[in-house]
Amino acid sequence: MRYPPMRYRRLALVGACVAGLNLRAEAQQPPAPAPLETVTVTATAKGPAVWHAAKGGADVAILGIVEPLPDNFVWNSKPLAAMLGGARRVLLPPQVRMGIFSGVWFYLTKSDLLHPPHGQTLSDVLDPRVAAELARICEFLHEPKDRYGGNSPIFAAMRLGSDFRHVDDLTTHEPEDAIAALARARRVELRRIATYDLMPSGEELLKLPPAVAGKCVEAAVQDIDYQSRHVQAAANAWALGDVAGMMANWSPSHYYECLVRLSPHATALDARAITDTVARINEALTDGGRSIAVVPVGVLLRQGGVLDRLKAEGIAIAGP
């Protein structure tokens, strides 16, 4: 596999540290030679599940999404296209971003945080059990065992997830890109719920002792083990609006949860994602008419998540 020059991978690292918040910092690589089987949804089939938040005659259709999806996954977008007719806006999930100047500053002053201590490899600083799990998953991905040897644990964990998605031909850009394209084609306003500065989280995580940060390598391995068995089934169920089947085959990212546990700043961003999503939905309801909110199912359906918060505020919710 070919990757972009190291300089650009380093500049993208801090952003990748909070990948669970809709980050897009993956290296571009050739697609895998044998893509996963995908489901084709016909025009008469059901589309993905939609919840409706209603107040004072206004309606926000909440489209829950799952990630990753198989590349080139086909789903029935006609119900969404119908909802876009007359819609005021589409709210897209929060994203995290690193500014160009922040990235350059990090590369010039902190790039040593991307590597193990001088004279050591990643395996040297990991717990032996985690090092063995890393070697196992490298074999699964058909990667050399020393591929991540020069990476710090947080960097290695991020690269593991990216490599797995490329090997299994998965994407975290969909279905959001397709939804945004539909909205643009119908001249519906697109509005990002929030944009966060991720530099503090990235630096905080990269400064952790290797023995602590190594937990996120183990978490990345757990994600690969689970997603390699369940991504297709979760995607198929999502496309047909089968919420029970979707949730039976979807799991929160262990890697993301590891980052949130270890970084107070990432913990704060995780909480803000829910708070900001609820606030933007409330604003859309106040503005009146119809809007659409695109919300990852982990943020939407978890205890204390977006649906729970909206209900607690007295907003009527109709489920699929």
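These figures come from a predicted structure and were not determined experimentally. Each residue takes its place number in the sequence, starting with 1. Atom set for the values below is all heavy atoms of this structure, side chains included, hydrogens, waters and symmetry mates excluded.
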Please check: side-chain N/O of [X] versus main-chain N/O of [Y], any donor-acceptor pairing under 3.5 Å?
{"X": "Asp127", "Y": "Arg129", "result": "yes"}
{"X": "Asn249", "Y": "Ala233", "result": "no"}
{"X": "Asp71", "Y": "Asp169", "result": "no"}
{"X": "Arg88", "Y": "Ala284", "result": "no"}
{"X": "Glu133", "Y": "Val221", "result": "no"}
{"X": "Arg280", "Y": "Leu92", "result": "no"}
{"X": "Ser152", "Y": "Leu113", "result": "yes"}

Salt bridge (charged side-chain N to carboxylate O under 4.0 Å, His left out) against Asp287, all qualifying residues, sequence neighbours excluded: Arg89
Set of residues satisfying ring pair (Phe, Tyr, Trp, His ring centres under 6.0 Å) with respect to His52, sequence neighbours excluded: none
Qualifying residues under ring pair (Phe, Tyr, Trp, His ring centres under 6.0 Å), relative to Tyr226, sequence neighbours excluded: His230
State, to 0.1 Å, how close [X] and [Y] come at their nearest heavy-atom pair, and which atoms those are.
{"X": "Pro93", "Y": "Ile193", "result": "CA-CD1, 4.3 Å"}
{"X": "Ala237", "Y": "Gly245", "result": "CB-C, 3.5 Å"}
{"X": "Pro153", "Y": "Gly214", "result": "CB-N, 3.8 Å"}
{"X": "Cys216", "Y": "Ala157", "result": "O-CB, 3.4 Å"}

For [Y], is there an ion pair with [X] - N to carboxylate O distance below 4.0 angstrom?
{"X": "Glu218", "Y": "Lys215", "answer": "no"}
{"X": "Arg136", "Y": "Glu139", "answer": "no"}
{"X": "Arg192", "Y": "Glu176", "answer": "yes"}

Tell me, do [X] and [Y] make a side-chain contact under 4.5 Å, heavy atoms counted?
{"X": "His166", "Y": "Ser162", "answer": "yes"}
{"X": "Tyr148", "Y": "Ile137", "answer": "no"}
{"X": "Leu160", "Y": "Leu134", "answer": "yes"}
{"X": "Glu174", "Y": "Phe73", "answer": "no"}
{"X": "Lys55", "Y": "Thr286", "answer": "yes"}
{"X": "Thr121", "Y": "Asp146", "answer": "no"}
{"X": "Pro68", "Y": "Val231", "answer": "yes"}
{"X": "Pro48", "Y": "Leu63", "answer": "yes"}

Worked verdict on Ser201 versus Tyr196 for side chain to side chain contact (heavy atoms under 4.5 Å, CB included): CA-CA 10 Å; Ser201 297; Tyr196 307 129; over 6 Å; no
Check: residues 184-191 side-chain donor-acceptor pairs under 3.5 Å, at least two apart:
from   : atom 1 : to     : atom 2 : distance (Å)
Arg186 : NH1    : Leu182 : O      : 3.3
Glu189 : OE2    : Arg191 : NE     : 3.2
Glu189 : OE2    : Arg191 : NH2    : 2.9

Trace of the side chain to side chain contact (heavy atoms under 4.5 Å, CB included) decision for His115 with Phe155: CA-CA 8 Å; His115 310 288; Phe155 193 10; 5.7 Å; no
Output side-chain donor-acceptor pairs under 3.5 Å for residues 292-315, partner residues at least two apart or in another chain, one line each.
from   : atom 1 : to     : atom 2 : distance (Å)
Arg302 : NH2    : Asp270 : OD2    : 2.9
Asp308 : OD2    : Gly304 : N      : 2.9
Glu313 : OE1    : Asn282 : ND2    : 2.7

Partners passing side chain to side chain contact (heavy atoms under 4.5 Å, CB included) against Pro320 (at least two apart in sequence or in another chain): Ala49, Trp51, Val243
Derivation of the side chain to side chain contact (heavy atoms under 4.5 Å, CB included) call for Asp225 and Gln222: CA-CA 5 Å; Asp225 283 337; Gln222 291 174 325; 5.6 Å; no
Gln120 atom CD: more than 12 heavy-atom contacts under 6.0 Å: yes
Pair Leu69-Trp238, side chain to side chain contact (heavy atoms under 4.5 Å, CB included): steps then yes or no: CA-CA 10 Å; Leu69 288 181; Trp238 171 78; 4.3 Å; yes
